[in-house]
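Here the structure is laid out as structure tokens; the discussion comes afterwards.
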Amino acid sequence: MAMVLPLFIVTFTTGKVSVRFQPRYIISTGFILALIGCIYLISVFSLHTSFLEIATGLALIGLGVGIISPHLSNLAFLCITQDKQPDASAIWNTNSNLNSSMGTAILGLILLMGTFNALSVEKLVSVW
């Protein structure tokens with residue numbers, strides 16, 4: 001919920017911003033917000049991480065993805081002819097559902113590994 005609520009709220013407000021700014025600036029801003037959320041989660045993740053710390057990182061990711069999503073779909077469908085749009089929509093939705101499922105599975109695996117101390121943040125940070 002910490003990620004979905006900001007994503008849901010921001011998705012409805014980004015249309016108003018698109019009138020003033022080009023899509024590349026909006027998408028870049030969303031990507032940077034999501035990246036900051038990921039880096040924040042990596043830096044605070046441990047066995048003693050509080051819910052508030054995790055919720056803060058997930059909210060930043062949700063804000064970033066909420067900013068990115070509407071503009072990417074608009075750009076993707078912009079160059080498709082009217083007769084091909086139902087096919088493109090089906091492919092887009094299938095891809096979106098597959099990505100969500102895979103992302104949830106991978107994040108769940110990472111959290112489980114972190115819980116059982118099989119994955120330490122120090123090892124990840126030292127690799128970078």
Side-chain angles (χ1 to χ4, degrees):
M1 293 302 291
M3 184 171 159
V4 174
L5 286 176
L7 188 148
F8 184 72
I9 292 168
V10 170
T11 300
F12 290 111
T13 60
T14 56
K16 296 173 185 173
V17 176
S18 65
V19 176
R20 293 183 178 176
F21 301 102
Q22 293 181 7
R24 64 180 166 186
Y25 298 125
I26 297 170
I27 292 170
S28 297
T29 303
F31 180 75
I32 289 169
L33 274 173
L35 185 63
I36 290 170
C38 290
I39 292 170
Y40 174 77
L41 282 177
I42 288 172
S43 68
V44 299
F45 190 74
S46 71
L47 290 177
H48 307 291
T49 304
S50 71
F51 173 75
L52 184 60
E53 291 172 327
I54 293 174
T56 302
L58 290 176
L60 284 170
I61 294 171
L63 285 172
V65 172
I67 291 170
I68 292 171
S69 294
H71 297 289
L72 282 182
S73 60
N74 284 342
L75 290 174
F77 289 110
L78 188 64
C79 60
I80 297 173
T81 61
Q82 189 71 25
D83 61 327
K84 300 288 183 185
Q85 288 204 358
D87 298 331
S89 177
I91 292 169
W92 182 271
N93 287 325
T94 301
N95 186 35
S96 176
N97 289 330
L98 181 63
N99 287 336
S100 295
S101 300
M102 292 298 292
T104 302
I106 290 170
L107 284 175
L109 178 65
I110 290 171
L111 288 174
L112 270 173
M113 289 173 63
T115 301
F116 292 113
N117 208 14
L119 176 68
S120 72
V121 176
E122 290 80 21
K123 289 180 186 175
L124 281 176
V125 174
S126 69
V127 171
W128 290 13

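- A distance of 15.0 Å separates CE of M3 from CZ of F8, quoted to the nearest 0.5 Å.
- In this structure, V4 is not a member of the same hydrophobic cluster as L63, with clusters built from ILVMFWY side-chain heavy atoms closer than 4.5 Å.
- Rounding to the nearest 0.5 Å gives a distance of 10.5 Å between CD of Q22 and OG of S28.
- Under a 3.5 Å cut-off, the side chain of S69 and the backbone N or O of G66 do not form any donor-acceptor pair.
- Only one option out of I27, V10, L7, I32 pairs with I67 in a side-chain contact (heavy atoms from CB on, under 4.5 Å); it is V10.
- Connection of L75 to F77 is established within a shared hydrophobic cluster, with ILVMFWY side chains joined at heavy-atom distances below 4.5 Å, either directly or through further cluster members.
- Residues passing the side-chain contact (heavy atoms from CB on, under 4.5 Å) test with I91, sequence neighbours excluded: none.
- Atom-to-atom distance recorded for F21:CZ and H71:NE2 is 11.0 Å, nearest 0.5 angstrom.
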Side chains of residues 49-62: which donor-acceptor pairs under 3.5 Å do they make with residues two or more places apart or in other chains?
unit_1	atom_1	unit_2	atom_2	d
T49	OG1	V44	O	2.6
T49	OG1	S46	N	2.6
T49	OG1	S46	O	3.1
T49	OG1	S46	OG	3.4
S50	OG	E53	N	3.3
E53	OE1	S50	N	3.0
T56	OG1	L52	O	2.7

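- Minimum interatomic distance between I80 and Q85 (heavy atoms only, all atoms of both residues): O-NE2, 3.3 Å.
- R20 contributes atom CZ, which lies 11.0 Å from atom CD1 of I26 (distance to the nearest 0.5 angstrom).
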For residues 95-108, which side-chain N or O atoms pair as donor and acceptor with protein atoms under 3.5 Å away, sequence neighbours left out?
unit_1	atom_1	unit_2	atom_2	d
N95	OD1	N99	ND2	3.3
N97	ND2	N93	O	3.3
N99	ND2	N95	O	3.2
S100	OG	S96	O	3.0
S101	OG	N97	O	3.0
T104	OG1	S100	O	2.8

